[in-house]
Novice: 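Encoded as structure tokens, here's the structure I'll be asking about.
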Number of protein chains: 2
Amino acid sequence: MTETARPLRRDAQRNRERILLAAHDVFASRGFAATLDDVAHHAGVGVGTVYRRFPTKEALIEALFVDRLEDLVSLAEDALALPSGWDGLTMMLRRSIGMHAVDRGLRDAALCIGIDKNHFAKVGEHLLPLIQELFDRAHAEGSLRADVGIHDLPIIMATVTDLARHTPPGRPEIFRRFLELIIDGLRAGPENGDLGPAITQEDVEAIVHDCVPPIEARRRG
Amino acid sequence: MTETARPLRRDAQRNRERILLAAHDVFASRGFAATLDDVAHHAGVGVGTVYRRFPTKEALIEALFVDRLEDLVSLAEDALALPSGWDGLTMMLRRSIGMHAVDRGLRDAALCIGIDKNHFAKVGEHLLPLIQELFDRAHAEGSLRADVGIHDLPIIMATVTDLARHTPPGRPEIFRRFLELIIDGLRAGPENGDLGPAITQEDVEAIVHDCVPPIEARRRG
DNA sequence: CCGAAGTTGAGGAATAACCTCCGCTTAGTT
DNA sequence: AACTAAGCGGAGGTTATTCCTCAACTTCGG
């Protein structure tokens with residue numbers, strides 16, 4: 001049953017790389033909503049070529065993002081290396097949101113971690129414990145308010161990056177400002193209001209599912 | 001040049017009311033993105049009837065919302081009646097966002113105030129000074145951090161109501177929780193971070209413009 | 001009972017995304 | 001050089017979605 005993947009012809013290989021390069025750009029600006037037609041155009045290649053190389057959008061997305069999500073793991077590791085839990089957590093927030101604002105595809109992929117079992121489960125296994133640890137350390141320190149938890153993170157990410165999307169390009173100050181406001185809201189303080197019941201995993205799934213374009217195109221029916 | 005608006009036939013008048021009722025529901029759930037076909041369907045009326053009565057979506061939106069936006073003016077007045085500026089401002093935030101979460105059309109209309117000179121300019125003239133006063137009072141008190149201003153309001157509103165939109169119906173706790181987090185971030189405090197440069201009117205216009213479906217349908221061209 | 005006012009909903013036109021197909025080109029082997 | 005399998009291009013079929021019109025029909029009200 002093992003597919004003997006025979007090597008691509010050299011021109012095909014070159015085109016494959018062109019496609020991946022173009023896909024990087026197109027997905028960066030349009031996220032998972034990008035179309036393969038669009039990718040083809042940017043790659044200076046026919047649509048058919050793209051479909052031949054990546055039979056579905058899923059395949060292309062996996063080829064593009066599975067590795068790049070590891071960057072988030074490194075980021076979390078860097079954040080855990082900081083002596084202060086608060087600094088670690090806020091650095092993670094600022095940097096990851098910065099990355100996602102620049103690459104909307106990466107954002108969509110990151111939001112799928114922990115939601116989509118098919119594509120990004122592996123990264124999730126690495127990443128989620130690190131993030132949990134970031135929260136735990138900040139909680140233990142007393143710097144992070146006790147009534148927020150890891151499930152708040154995707155909500156914050158989704159919301160701020162959505163603002164970033166609507167923000168004129170070249171004005172990152174705006175969503176950064178908004179993020180700083182939220183970060184100040186995350187800080188433990190005597191006057192903090194009541195946040196009400198915590199976010200559940202189901203909430204996160206419902207919201208993220210609704211915020212991220214579907215990876216697989218709706219089949220005709 | 002005065003149009004002698006002759007009275008509608010009785011059945012037409014009844015249909016007009018049905019349409020407005022249906023439009024209320026449809027716009028509440030879909031916002032300005034609702035289609036007149038949709039409204040017609042919900043009203044149990046042919047599409048043609050809707051187009052006869054309201055030649056454009058604009059006309060229908062105006063008929064629906066111009067009055068209802070006055071509710072926001074009342075709300076702001078109530079908020080100004082509170083002794084504490086902080087309580088007034090946060091009440092305004094909580095209540096208006098609550099209203100907008102329930103009626104997405106109202107949200108879209110409210111966001112257009114101060115952006116769209118054609119449709120809602122009059123309400124803006126009433127509302128904006130009241131809101132400015134809310135901010136001024138809270139600033140004077142020292143309860144609201146000095147580095148946020150009235151231009152932050154539409155950003156907060158747009159963002160939180162957008163979350164509300166993605167939130168499963170019947171779980172208002174989620175966006176409320178998020179709003180409370182932001183409110184705690186708005187409170188003046190010694191540890192507050194640096195928000196960076198303030199939001200400008202142009203920023204607001206660009207963002208809101210991008211967050212709200214266009215009132216006028218794109219003409220074919 | 002008639003004419004003006006009103007209604008209807010199928011359907012034309014624009015837009016947009018997905019993907020296939022088949023005639024043509026090219027790499028690379030003999 | 002010739003041949004062939006691999007690869008390429010992109011027009012166009014298909015499915016949606018939205019906007020809005022129009023010609024045939026119905027109803028109101030004098």
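The chains referred to below are lettered A, B, ... by the order of the sequence lines, with proteins before strands, and numbering in each begins at 1.
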Novice: Distance check: side-chain N/O of B:Thr49 vs OP1/OP2 of C:dG6, anything under 4.0 Å?
Specialist: no
Novice: What's the CG-C1' distance between B:Asp11 and C:dA5, to the nearest Å?
Specialist: 8 Å
Novice: Expressed as a whole number of angstroms, how long is the span from A:Lys57:NZ to C:dA17:P?
Specialist: 9 Å
Novice: Find which nucleotide of DNA chain D each of B:Arg9 and A:Ala12 is nearest to by heavy atoms, and output the residue with the more 5' nucleotide.
Specialist: A:Ala12
Novice: Between B:Arg30 (CZ) and D:dC19 (C1'), how many Å, whole number?
Specialist: 13 Å
Novice: Please state how far atom CG in B:Leu8 lies from atom C1' in D:dC28, giving the value in whole angstrom units.
Specialist: 13 Å
Novice: Measure from CG on A:Asn15 to P on D:dA6 and round the result to the nearest Å.
Specialist: 17 Å
Novice: Map B:Thr35 and A:Gly48 onto DNA chain D by nearest heavy atom, then report which one ends up closer to the 5' terminus.
Specialist: A:Gly48
Novice: Between A:Tyr51 (OH) and D:dG7 (C1'), how many Å, whole number?
Specialist: 18 Å
Novice: Do the side chain of A:Asp37 and the base of C:dC19 come within less than 3.5 angstrom through a donor-acceptor pair of N or O atoms?
Specialist: yes
Novice: Specify whether B:Phe32 and B:Phe27 have parallel, tilted or perpendicular ring planes, treating 30° as the upper limit for parallel and 60° as the lower limit for perpendicular.
Specialist: perpendicular
Novice: Looking at B:Arg52, I'd like to know whether one of its side-chain N or O atoms comes within less than 4.0 Å of OP1 or OP2 on C:dA5.
Specialist: no
Novice: Between P on D:dC19 and CG on B:Leu60, what's the gap in Å once rounded to a whole number?
Specialist: 12 Å
Novice: May I ask you to say what A:Arg53 touches in the nucleic acid, namely base, sugar-phosphate or nothing, with a heavy-atom cut-off under 4.0 Å?
Specialist: sugar-phosphate
Novice: Reading DNA chain C from 5' onward, which residue's closest nucleotide shows up sooner: A:Thr56 or B:Gln13?
Specialist: B:Gln13
Novice: Are B:Arg177 and A:Asp152 close enough for a salt bridge, meaning some N to O gap below 4.0 Å?
Specialist: yes
Novice: Taking for each residue the nucleotide of DNA chain C bearing the nearest heavy atom, is the 5' side occupied by A:Val47 or by A:Arg10?
Specialist: A:Val47
Novice: Across the strands shown, which category fits B:Arg14 at heavy-atom distances under 4.0 angstrom: base, sugar-phosphate, nothing?
Specialist: nothing
Novice: Tell me yes or no: between the side chains of B:Thr200 and B:Asp203, is some donor less than 3.5 Å from an acceptor?
Specialist: yes
Novice: Assess whether a salt bridge exists between B:Asp162 and B:Arg107, defined as any Lys/Arg side-chain N lying under 4.0 Å from an Asp/Glu carboxylate O.
Specialist: yes
Novice: Indicate yes or no: at least one non-hydrogen side-chain atom of B:Leu181 is less than 4.5 angstrom from one of A:Ile156.
Specialist: yes
Novice: Measure from CD1 on A:Ile19 to P on D:dG7 and round the result to the nearest Å.
Specialist: 12 Å
